[in-house]
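Computed from a predicted structure; not experimentally measured. Chain letters run A, B, ... following the sequence lines, proteins first, then strands; residues in each count from 1.
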2 protein chains.
Amino acid sequence: MARPRMFDEERALDAAMHTFWEKGYEATSTQDLCEATGLGRSSIYNTFKSKHDLFERALAHYIDTMTTAQLAVLEDARQSAADRIRALFGMVVDGEAERRAEGRGLGCLTVNTTVELAARDSRAAGMLERDTARRLAVLRAVIEEGRRDGSITSQRDAGALARFINAAIGGMRLSSQGGADRATLESIAEVALDALTR
Amino acid sequence: MARPRMFDEERALDAAMHTFWEKGYEATSTQDLCEATGLGRSSIYNTFKSKHDLFERALAHYIDTMTTAQLAVLEDARQSAADRIRALFGMVVDGEAERRAEGRGLGCLTVNTTVELAARDSRAAGMLERDTARRLAVLRAVIEEGRRDGSITSQRDAGALARFINAAIGGMRLSSQGGADRATLESIAEVALDALTR
DNA sequence: CAAGTTTTGTACCGATCGATCCATAACATT
DNA sequence: AATGTTATGGATCGATCGGTACAAAACTTG
């Protein structure tokens, strides 16, 4: 019994997410968010409490879609553990190459947020920590599986290998933002995989 | 034949650098820079053309000190190539642990700047690219040397290994900003080194 | 169709942004 | 000591920041 929304909240959230992704939190103004979402200020502030609240929801949306997709690859029982990690690296490389081809910002919103906000935004830091813990847990399980199926021969602690893989992905995203092309990212991934199969 | 400066430009530059390092470019206000340097606005704008100019000089100062120190370790002919790279990782771990103990911001200004500015600040991006090229060139030379002295047994292309090492360092810095402690960083470095000695 | 409720567009808020102006202070030179 | 030059502190600039107030618009329900 009231005036209905003229926009799709999910689409607005997605547009806001991409803006934060490309420009960062501080460099994104509320005006930018209006233009990206196509909404007026009132609609944004009526739907979301504040710029920061919108950011948190955008970050949650990002984590939800990205990490879920990546973990699905890691849980694909048809492939060996090493091949699943190889596929994960492939997703990262493809994602960076794709965004580059589309002329959009590179990198990853969680990486960017870790750098820009983690130190002074405990709420964002908490979201990132939980995401990292989730990713590490799955990576660790995959590595232990790989030890059983023989595709991962490193004798290092599975947790250490998991953290290494996670760091390597971050390093690849950084390299991408620093100008590295697809072939470079692929070669970094290949060398990283060597550490698992020594 | 004029009034002399009441401050040391180098010290001011250093203070500004640490502020940008800890807070990022956008989140650092000119007021922050006044407080960090102890200077008034007039002195800052009289000495540096703008906030952005001050940032560029701060970034150059950072690159100059950090990369020079790191490359010195890589060129220490007393150690094997692999040990030099191990020492480089050690520098990174020590630096992160030290800053953590001092309660200062973590990470690395070049990493932070790559994430925050590289996409929309071509001048900063150029400085970062030149720095990366310089680091990669030295890393590559060390790796080729390691192939000769037997401390690096990977058959991968030396350039690929160099880019991997560079990415691994970035990944370690990211992990540190994400909350990883010293032991975690050390384990990541150890696994990364495995890739060189397979 | 009238009443009630929410959304929307617009104007606007105080605060802060980066940057500048200007009078005064502090020196070197003559 | 007088003059010239630069540095400094404080006031202030227009623009933009995130956020809000308010009235008109658009709907549901009775």
Side-chain angles (χ1 to χ4, degrees), chain A residues 1-60 109 112-113 116-117 120-124, chain B residues 1-60 109 112-113 116-117 120-124:
Chain A
M1 56 190 195
R3 177 172 177 173
R5 291 232 167 111
M6 298 191 63
F7 64 94
D8 179 358
E9 188 169 325
E10 279 287 318
R11 296 182 78 85
L13 197 55
D14 200 67
M17 180 195 80
H18 280 95
T19 308
F20 284 127
W21 189 353
E22 287 174 25
K23 306 186 61 165
Y25 178 75
E26 296 287 351
T28 297
S29 69
T30 53
Q31 182 60 28
D32 291 331
L33 293 168
C34 290
E35 289 165 14
T37 59
L39 307 185
R41 303 177 92 66
S42 296
S43 297
I44 286 188
Y45 278 93
N46 187 40
T47 309
F48 310 97
K49 291 188 304 194
S50 63
K51 175 186 172 183
H52 190 270
D53 180 72
L54 174 52
F55 175 78
E56 280 183 24
R57 294 199 41 190
L59 178 59
L109 183 58
N112 299 357
T113 303
E116 188 185 0
L117 293 181
R120 59 198 166 87
D121 182 339
S122 59
R123 292 176 60 87
Chain B
M1 56 192 201
R3 178 173 177 173
R5 291 231 166 108
M6 299 191 64
F7 65 94
D8 179 358
E9 189 169 324
E10 279 287 317
R11 294 183 79 86
L13 197 55
D14 200 68
M17 178 194 82
H18 280 95
T19 308
F20 284 127
W21 189 353
E22 287 174 26
K23 307 186 60 165
Y25 178 76
E26 295 287 350
T28 297
S29 68
T30 53
Q31 182 61 29
D32 291 331
L33 293 168
C34 289
E35 288 165 13
T37 59
L39 307 185
R41 304 177 103 65
S42 297
S43 297
I44 286 188
Y45 276 93
N46 187 39
T47 308
F48 310 97
K49 291 189 304 192
S50 64
K51 176 186 173 185
H52 190 271
D53 180 73
L54 174 53
F55 175 78
E56 281 185 22
R57 293 199 43 188
L59 178 58
L109 183 57
N112 300 357
T113 304
E116 188 186 0
L117 293 181
R120 58 195 167 88
D121 182 339
S122 59
R123 292 177 60 87

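- Comparing dC21(C), dT8(C), dC17(D) by their nearest atom to the side chain of Ser42(B) picks out dC21(C).
- Formation of a donor-acceptor pair under 3.5 Å by the Asp32(A) side chain with backbone atoms of Ser29(A) is found in this model.
- Checked by atom type and distance alone, the side chain of Ser43(A) never pairs as donor or acceptor with a backbone atom of Leu39(A) at under 3.5 Å.
- Proximity of Tyr45(B) to the phosphate of dA19(C): a side-chain N or O atom is located under 4.0 Å from OP1 or OP2.
- Residue contacts shown for Thr30(A) include a base, since a base heavy atom lies under 4.0 Å away.
- Rounding to whole angstrom units, CZ of residue Phe7(B) and P of dT6(D) are separated by 15 Å.
- Using a 4.0 Å cut-off between charged side-chain N and carboxylate O, Arg57(A) and Glu9(A) make a salt bridge.
- Residue Ser43(A) places its side chain closer to dT8(C) than to any other of dA7(D), dT8(C), dA19(C).
- One atom, CD of Glu35(B), and another, C1' of dT16(C), lie 13 Å apart when rounded to the nearest Å.
- For the pair Glu35(B) and Arg41(B), the salt-bridge criterion is not met [side-chain N within less than 4.0 Å of a carboxylate O].
- Counting any heavy atom pair closer than 4.0 Å across all strands shown, Phe48(A) reaches no nucleic acid atom.
- To the nearest angstrom, C1' of dC17(C) lies 9 Å from CZ of Arg41(B).
- Judged by the 6.0 Å and 45° rule, Lys51(A) forms no cation-pi pair with Phe20(A).
- Closest to the side chain of Arg5(B), from the set dG19(D), dT8(D), dA19(C), is dT8(D).
- Closest contact between the side chain of Met6(A) and the listed nucleotides dA19(C), dG19(D), dT8(C) involves dT8(C).
- Nucleic acid contact for Ser50(A): sugar-phosphate only, since backbone atoms but no base atoms lie under 4.0 Å from a heavy atom of the residue.
- The distance between atom CG of Asn46(A) and atom C1' of dA26(D), rounded to the nearest whole Å, is 14 Å.
- Between the CD atom of Gln31(B) and the C1' atom of dC17(D) there is a distance of 16 Å, rounded to whole Å.
- Using a 4.5 Å cut-off on side-chain heavy atoms (C-beta onward), Thr47(A) and Arg5(A) make contact.
- Per the geometry, CD1 belonging to Ile44(A) stands 18 Å off C1' belonging to dA21(D), to the nearest Å.
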Return the polar atom pairs (N/O with N/O) between nucleotides 27-30 of chain C and the protein under 3.5 Å, or none.
from, atom 1, to, atom 2, distance (Å)
dA28(C), O4', Ala2(B), N, 3.4

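- The interatomic distance linking Lys49(B) (NZ) with dT20(C) (P) rounds to 11 Å, in whole Å.
- To the nearest angstrom, C1' of dT10(C) lies 16 Å from CG of Leu39(A).
- With hydrogens and angles left out, the side-chain atoms of His18(B) and Glu22(B) include no donor and acceptor closer than 3.5 Å.
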